[in-house]
Amino acid sequence: MSHPAASLIERLGRRLRLGMVGGGADSVIGGTHRLAFRVDGLYDLVAGAMSIDPAIAIATARSDLLAPERTYTDYAEMARCEAEREDGIDAVVIATPPQTHLEIAEAFLAHGIHVVCEKPMTRTAAEAERLARRVADAGRLLLLTHCYTGYPMVREARELVRNGALGAVALVEGEFASGERGVALEPEDPAQRHWRFRRGSMGPAVVLGEVGTHVHNLASYVTGADVVRVSALLETRAQRREVYDNGYLTVRFGDGASGRLWSSFVAAGNQHGLALRVFGEQAGVSWRQEDPEVLWLRTIDGETRVLSRDQRGLADASRAATRVRLGHPEGYLLAFANLYRDFAAALAAHELGEDPAPFLAELPGVADGVATLRLLEAAERSHDRDGAWEGVRAGVDAPA
Ligand SMILES: NC(=O)c1ccc[n+]([C@@H]2O[C@H](COP(=O)([O-])OP(=O)(O)OC[C@H]3O[C@@H](n4cnc5c(N)ncnc54)[C@H](O)[C@@H]3O)[C@@H](O)[C@H]2O)c1
């Protein structure tokens, strides 16, 4: 199945020009972004301020063959200089720690540059709402890289819910409970602790910001429903850790479903640990990130089907996200690449003066970032009140 991005880029007559902030050789996720946006040949990486450490920023840019005059050590200067160029970047990829996302995104939006932003979108709900307004005011697009939404079988699960195959959704069980490295003791010297486990990055609820955001986004993506109430238990298991590293959220969705979202860094022995089960009145689906090619569908009558990516009869949305034929495993990088490919179609349509909305339909964006940050804050309030139910505000047009 050919993807619309290819013909839109052909009509545009050039690849999209990307810049990166963060994601340098000293980062976890930067290399994954570079692999993902290169898969389809729709983008060129032409500029970057890729590390807080100038030497690493320069070395990473050099290894990616960026021109010296487009190698930056300051993102604000990069935004300014790129905006002045005839061949300036179309979009910036922000792959820095969460407390920096808002200011970096604002710097580029102010110059009319589109944004690809890592999750959590911002540090607080107020910041997320402010960014939503900036995006709207600038008339630019924002992709939030909840990469798991790019898996074909996640999109298939979404379609099954949409077309009523499960009946009305009643129960949602999601978890992102990892154990790898997260269980360890924190170093005695606070300066040696990773930002992920320090209050400065996200406040105390880092586990919700880092992994809880993905599981909440996945649950809402598949069910199409917003969380409207939450009761939370947050705790710290690792010694000397200054933030929560395990969280249980009991949630109510706006469509009447209820569910539980478990986020953890201390599930010893778990590797990645992202999974989702959705139960309707007639059937349930089950998906695990570590076995992403299949989706289990079980009906109330006991019929069990293991749906495989690219098998006949799947929904158009999941078939469109499939790259290689049945039997050849795809996986995480191609799921991530699906986000970049869909976003390329939206960016190209925007550049051509056409409506990008159809190409954004399967993608997480600024409204999803706002919804998750609001849930996180409501969960913290609930925890502070011993798990009392807290409402989660809906809609992105909140007052300043
Ligand atoms: N989508 C996913 O699956 C996924 C996976 C891992 C991390 N993340 C997210 O990606 C973001 C980065 O995470 P990470 O694990 O790569 O962090 P990291 O600490 O490993 O890397 C952060 C990078 O940003 C750079 N940086 C920091 N401040 C900067 C600034 N002001 N200007 C330029 N560069 C700056 C650092 O030098 C480094 O290159 C976080 O928001 C994290 O939650 C997402």
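Given the structure is predicted, the values throughout are model-derived calculations rather than measurements.
- The CZ atom of Arg252 sits 5.0 Å away from atom OG of Ser258, with the distance rounded to the nearest 0.5 Å.
- Met20 is listed as a side-chain neighbour of Arg34, based on a closest heavy-atom distance under 4.5 Å.
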Side chain to side chain contact (heavy atoms under 4.5 Å, CB included) between Val294 and Met153, intermediate numbers included
CA-CA 6 Å; Val294 297; Met153 299 318 285; 5.8 Å; no
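- Here Asp316 does not pair with Arg158 in a salt bridge; the nearest charged N to carboxylate O distance is not below 4.0 Å.
- In this structure a side-chain-to-backbone donor-acceptor pair under 3.5 Å is missing from Asp64 to Leu45.
- Note: the hydrophobic cluster containing Ile9 also contains Leu360 (ILVMFWY, side chain heavy atoms under 4.5 Å, direct or indirect links).
- Applying the side chain to side chain donor-acceptor pair (under 3.5 Å) test to residues at least two apart or on different chains, the pairs with a partner in residues 141-153 are Glu118-Thr145, His146-His214, Tyr148-His272, Tyr151-Gln289.
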I would like to know whether Thr372 and His216 meet side chain to side chain donor-acceptor pair (under 3.5 Å); could you show each step before the answer?
CA-CA 7 Å; Thr372 296; His216 167 244; 2.7 Å; yes
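- Judged by distance alone, the side chains of Ser318 and Glu156 do bring a donor and an acceptor atom under 3.5 Å apart.
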Test Leu8 against Arg11 for side chain to side chain contact (heavy atoms under 4.5 Å, CB included), laying out the working first.
CA-CA 5 Å; Leu8 281 156; Arg11 282 168 51 215; 3.5 Å; yes
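- Side chain of Ser27 to main chain of Gly30: a donor-acceptor pair is present (N/O by atom type, distance under 3.5 Å, no hydrogens or angles).
- Taken together through direct or relayed side-chain contacts under 4.5 Å among Ile, Leu, Val, Met, Phe, Trp and Tyr, Leu166 and Phe279 form parts of separate hydrophobic clusters.
- Taking the six-membered ring for Trp, His383 and Tyr244 have ring centres closer than 6.0 Å.
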Quick one, Met202 with Gln99, criterion side chain to side chain contact (heavy atoms under 4.5 Å, CB included). Give me CA distance, side-chain angles, the key distance, then yes/no.
CA-CA 7 Å; Met202 277 292 301; Gln99 67 273 26; over 6 Å; no
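- Evaluated for a salt bridge (Lys or Arg N to Asp or Glu O under 4.0 Å) with Asp90, the options Arg15, Arg85, Arg14 yield exactly one hit, Arg14.
- Within 6.0 Å of CG on Asp137 lie more than 12 heavy atoms contributed by other residues, nucleotides or ligands.
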Between Asn270 and Ser178, is a side chain to side chain donor-acceptor pair (under 3.5 Å) present by the stated rule, with each step listed?
CA-CA 5 Å; Asn270 260 11; Ser178 60; over 6 Å; no
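- Judged purely by distance below 3.5 Å, without hydrogens or angles, the side chains of Ser264 and Asn246 pair a donor atom with an acceptor atom.
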Start with the C-alpha gap between Phe343 and Phe359, add the side-chain angles, then the distance that decides, and say whether side chain to side chain contact (heavy atoms under 4.5 Å, CB included) holds.
CA-CA 7 Å; Phe343 197 56; Phe359 310 111; over 6 Å; no
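- Residue pairs that meet the side chain to side chain donor-acceptor pair (under 3.5 Å) test with at least one member in residues 49-63, sequence neighbours left out, are Asp26-Ser51.
- Applying the side chain to side chain donor-acceptor pair (under 3.5 Å) rule to Arg260 yields the partners Glu173; only residues at least two apart in sequence or on another chain are considered.
- Using a cutoff of 4.0 Å between basic side-chain nitrogens and carboxylate oxygens, Arg70 and Glu82 are scored as salt-bridged.
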I would like to know whether His3 and Asp40 meet side chain to side chain donor-acceptor pair (under 3.5 Å); could you show each step before the answer?
CA-CA 10 Å; His3 192 278; Asp40 295 290; over 6 Å; no
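- The two atoms that bring Leu42 and Ala5 nearest to each other are CD1-CB, 3.8 Å, heavy atoms only.
- When all heavy atoms are compared, the tightest approach of Ala232 to Leu249 is CB-CD1, 4.0 Å.
- Salt bridge status for Arg241 with Glu186: present, with a side-chain N to carboxylate O gap under 4.0 Å.
- Side chains of Val215 and Leu274 form a contact here, defined as non-hydrogen atoms less than 4.5 Å apart.
- Residues forming a side chain to side chain donor-acceptor pair (under 3.5 Å) with Arg80 (at least two apart in sequence, or on another chain): none.
- A 4.5 Å side-chain heavy-atom check between Ile104 and Thr96 finds at least one atom pair inside the cut-off.
- Defined by atom type and a distance below 3.5 Å, a donor-acceptor pair is present between the side-chain atoms of Arg323 and Asn338.
- Formation of a donor-acceptor pair under 3.5 Å by the Arg277 side chain with backbone atoms of Val285 is not found in this model.
- In plain terms, the two heavy atoms of Ala349 and Asp355 that are nearest each other are CB-O, 4.0 Å.
- More than 12 heavy atoms of other residues, nucleotides or ligands sit less than 6.0 Å from atom CD of Glu69.
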Take Arg198 and Glu242 through the test salt bridge (charged side-chain N to carboxylate O under 4.0 Å, His left out) and record every step on the way to the result.
CA-CA 6 Å; Arg198 291 161 76 164; Glu242 55 193 81; 5.3 Å; no
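- Residues Met121 and Val370 have side chains in contact (heavy-atom distance under 4.5 Å, counting atoms from C-beta outward).
- Sorted by first and then second residue, the salt bridge (charged side-chain N to carboxylate O under 4.0 Å, His left out) pairs involving residues 208-237 (not counting sequence neighbours) are Lys119-Glu210, Arg196-Glu210, Glu235-Arg237.
- Between Tyr332 and Phe336, the ring planes lie perpendicular to each other; the angle is over 60°, past the 30° to 60° tilted range.
- Neither Leu375 nor Trp262 shares a network with the other; the hydrophobic side chains, linked directly or stepwise wherever heavy atoms of I, L, V, M, F, W or Y lie under 4.5 Å apart, form separate groups for each.
- Between Leu276 and Gly174, the shortest heavy-atom distance links the atoms CD1-CA, 3.9 Å.
- For residues 94-116, the set of pairs meeting the salt bridge (charged side-chain N to carboxylate O under 4.0 Å, His left out) definition, not counting sequence neighbours, comprises Glu106-Arg130, Glu106-Arg134.
- The two atoms that bring Val392 and Ala371 nearest to each other are CG1-O, 4.5 Å, heavy atoms only.
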Taking it one step at a time, do Arg298 and Glu303 satisfy salt bridge (charged side-chain N to carboxylate O under 4.0 Å, His left out)?
CA-CA 6 Å; Arg298 295 186 180 91; Glu303 184 192 345; over 6 Å; no
Dump the intermediate steps for salt bridge (charged side-chain N to carboxylate O under 4.0 Å, His left out) on Arg374 and Glu129, then the final yes or no.
CA-CA 9 Å; Arg374 285 180 179 164; Glu129 289 159 5; 2.9 Å; yes
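- No single ILVMFWY cluster, assembled from side-chain heavy atoms under 4.5 Å apart, contains both Val227 and Trp389.
- The shortest non-hydrogen separation linking Thr73 to Ala57 is CG2-CB, 4.4 Å.
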